[in-house]
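Okay, structure first, notes after.
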4 protein chains.
Amino acid sequence: MPKPKQTPAKTLTSNAAQRSKRVTRARGPSPDKTAHTKASIVRAALAEFLDKGFADSTIAGVAQRAGVAKGTPYRYFATKEALFAGVVQQELVGALGEILEERRGRDESVQAFLRRTLLIALGEIERKGRAAIARLVIVEGVRFPALVEIYRREMFDPVLDQIKRLAPVARRRGELPDDRLIRHPHLLIAPVWMGILNNQLIDREHPIDIARLFEAQLELMFSGEAQR
Amino acid sequence: MPKPKQTPAKTLTSNAAQRSKRVTRARGPSPDKTAHTKASIVRAALAEFLDKGFADSTIAGVAQRAGVAKGTPYRYFATKEALFAGVVQQELVGALGEILEERRGRDESVQAFLRRTLLIALGEIERKGRAAIARLVIVEGVRFPALVEIYRREMFDPVLDQIKRLAPVARRRGELPDDRLIRHPHLLIAPVWMGILNNQLIDREHPIDIARLFEAQLELMFSGEAQR
Amino acid sequence: MPKPKQTPAKTLTSNAAQRSKRVTRARGPSPDKTAHTKASIVRAALAEFLDKGFADSTIAGVAQRAGVAKGTPYRYFATKEALFAGVVQQELVGALGEILEERRGRDESVQAFLRRTLLIALGEIERKGRAAIARLVIVEGVRFPALVEIYRREMFDPVLDQIKRLAPVARRRGELPDDRLIRHPHLLIAPVWMGILNNQLIDREHPIDIARLFEAQLELMFSGEAQR
Amino acid sequence: MPKPKQTPAKTLTSNAAQRSKRVTRARGPSPDKTAHTKASIVRAALAEFLDKGFADSTIAGVAQRAGVAKGTPYRYFATKEALFAGVVQQELVGALGEILEERRGRDESVQAFLRRTLLIALGEIERKGRAAIARLVIVEGVRFPALVEIYRREMFDPVLDQIKRLAPVARRRGELPDDRLIRHPHLLIAPVWMGILNNQLIDREHPIDIARLFEAQLELMFSGEAQR
DNA sequence: AATGAATGAGTGTTCATTCAT
DNA sequence: GATGAATGAACACTCATTCAT
């Protein structure tokens, strides 16, 4: 059921439309308008889903937020599920992109590198409401395993893999007092999830500072002294 | 109108009720059967909600699982929402009870005490499917803030308070190398949540050993040596 | 469907029970209690039906008002419809009884006789809430043609017949200036219905004095002077 | 949400709308069809309600009569109650309109004027099934006080006010032998209600001629001779 | 006789989806 | 491409009725 039913022709078509813009502009719908319509729908859908969750969202509600007719979203997404999956997926894919591109400086300690990159990522997360997306994926994960998979592939595993890759390096560099991070890479990102859960779901009124919590954990694992 | 008519401490009391029969009720349906019916419904409802989440569960489905007619659950819970809340609440309340009753032995280190009690609690969690309940609360939390509140009151805050209370003691006893745990009590339970999230939602196929993860964090924070 | 399904054994049985009272009173249910229970139910049912009409009344509501269990009314009336019909019918039958027994005095004018008897009847109507019953019959008449028939037979037609019988007499006695009442016997009772409709349904806040309205009509038809 | 989107003065306007097409709506479903659908529903609903009363009518039944799907009525009326109220109200408002516009001729007696106008009104009532509407309002009045109020405001009170206004005029013109009509204006319309009740509810098999009954009352009150 | 737990048919209402315009 | 009227499957909830106790 979840099968997102992608409409991969979309991007291609719009490019084609883009090109044909200069050539033939005699009649027919404007490709700009089309792109704009789709963007409106996607934006509206994300807002609706974040507000109400999948089950309580309605296509009519999305259409209204987007300022289009009720049937219009169906031109871009075949079903409500496809809309949900498409919108969330779009939000997820490439979200991490830039961050993992970062390269550790020649003399940079692993700890400093992780602090630098992950704090940036955390800032991103907080700023762009990505934590809300994470919550949405978690919340709808049972119904949309495919989404969770994407999330894992695009966000969760890459970060974990990065840690798994860097931990031995740090150990070799004498930054780690023991093999704990190598054996339990999850330990380093646990505070981030603790923070997201607390701030998004458990205790919205007393949010904790995720960045600070993560830093404390980082220092804890990297034996504290070896900072640079 | 349905007024669930609590039959507190069901199994035990029902026998007593049998005996006191002539006092309260000389005729009419058996209270035993009632208790049994309600228990069936609650059990079925929990299973249904865990399987499908709130929105995709149906009262008919619950009734079918419980082997009763479609209207029967309404005798015990006025609405689908009440059924959900009631079932989850019943599962949560008192769940921590015994654990928090545990007293630290005169010579017992704080670390040993926490290891002992929280590992027991973790065992409970894994054994009784409480992790699934936690997931359910998280997943439906947006729609049922009241449930989240119960969860916070009955589970989350008590554990956190325990940590907040014990951290200074441990510090005084020389078990902690710094004030980290005092400033960031969430840090100690973060691995537990990390584990629940990973095992219940993100990567069911590669579950991590939550107890071991927690132990690692415990040792990490308690400077490792001071164990007893 | 309306078929009231009478339980005519009732009265007989209770008499039998009455008699056996003095004889055997060793065990078994008390007939007094039974009669009392039934009376409670009938009273409660009437109140419920007057309050809410047939469709919105519930057996549970009737039982609650009567202070009995939900199943108990079924011991006296097979269905909800039978309960309704039985209750209303019981309220109607014999309601006119005494009034129609009244005999015109030897020297009494027809007008005086009608004034005397019908004013008594009107008093009855107002006092005992019979107008509400009339309204109920009117309101539920489409669903319960049988009830309407009873009403017509027990209330409407007898009064009309009385008028039809007396009109020629009055004409002969010189009390009537023309044949109008003979040709239009409905004319005399029209003001009563006008009053019931107005007071019960159309304008409860400005009730009109039905007795006075009827008197005015009476005098109007009886040419005013010929009173005795 | 449904917002009935009034299409006032349907038939006439729709042509105009056709022409103004390019202004308001370039595409999409036909407004004609819409108007037709709504009219079907309203007609079907009125029939259903007259047949069965409010409680026994079903939306599915209305839809079936109208030849539309079960959900369609909800596009025009948010609830079953709204459908009922809307349909009946529409039937009531303006029903009297034309009649009360009638002006009494310079030399016309009040009696002649009342006879002329009210007999027309009665004809209307009988012809268009307005008596059935009156019955419906009466029958459902307890549940829909608002409807009764409309009825009173639109039908009942205007007629009564007319009588109250004309009675003194007639008295001054010497058409009335006494003050009876002034003190009891209800008396004049009582026969009409008597007739409606008899014909619609009490004795459908022996309907009385309401117009004739009313005329008799009119002559009775206007002392018979003063006719012109 | 009385109870009230259990039943299940029936209905109002929602909303994803379709399609004529 | 866009519209929004129409569809109809699905579901929460009610309540008359039954029957074991």
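Scope of the values below: all heavy atoms of this structure, side chains included, with no hydrogens, waters or symmetry mates. We name chains A, B, ... by the order of the sequence lines, and we start the count at 1 in each one.
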Within-4.5 Å side-chain heavy-atom neighbours: D:F144 and D:Q89: no
Residue A:R75, side-chain heavy atoms: nucleotide from F:dC13, E:dT7, F:dA2 that is nearest: F:dA2
Integer-rounded Å distance: F:dT17 C1' and C:L83 CG: 13 Å
Side chain to side chain contact (heavy atoms under 4.5 Å, CB included) evaluation trace for B:F49 with B:L136: CA-CA 8 Å; B:F49 288 133; B:L136 196 58; 4.0 Å; yes
For the student: nearest non-hydrogen atoms of D:L147 and D:A85, plus distance: CD2-O, 4.0 Å
Beyond-backbone contact of A:Y74 with A:T79, side-chain heavy atoms, under 4.5 angstrom: no
Base-pairing assignment for F:dC11 (Watson-Crick or G-U wobble, both under 3.5 Å): E:dG12
C:T79 vs F:dA16: side-chain N/O to OP1/OP2 distance below 4.0 Å: no
d(CZ, C:F54; P, F:dC15) in whole Å: 13 Å
Touch class at under 4.0 angstrom, heavy-atom based, for D:K80 against every strand present: sugar-phosphate
Phosphate OP1/OP2 of F:dC15 contacted by B:Y74 side-chain N/O (<4.0 Å): no
C:T72 side-chain N/O to E:dG4 phosphate OP1/OP2 under 4.0 Å: no
Interatomic distance where CD1 belongs to A:I59 and P belongs to F:dG4 [whole Å]: 16 Å
Counterpart base for E:dT21, defined by Watson-Crick or G-U wobble contacts under 3.5 Å: F:dA2
N/O (side chain, D:Y76) to phosphate O (OP1/OP2, F:dA5) under 4.0 Å: no
Any-strand Watson-Crick or G-U partner of E:dA1, both distances under 3.5 Å: none
Residue pair C:Y76 / C:T34, side-chain heavy-atom distance below 4.5 Å: yes
Closest to the B:V68 side chain, choosing from E:dT7, F:dC13, F:dT3: E:dT7
Sugar-phosphate only, base, or nothing, as touched by B:T58 at under 4.0 Å among non-hydrogen atoms: sugar-phosphate
Integer-rounded Å distance: F:dT3 C1' and A:Q64 CD: 15 Å
Most 5' of A:K70 and C:G71 on DNA chain F, judged by nearest nucleotide: A:K70
First of A:D56 and D:A60 reached from the 5' end of DNA chain E, by closest nucleotide: D:A60
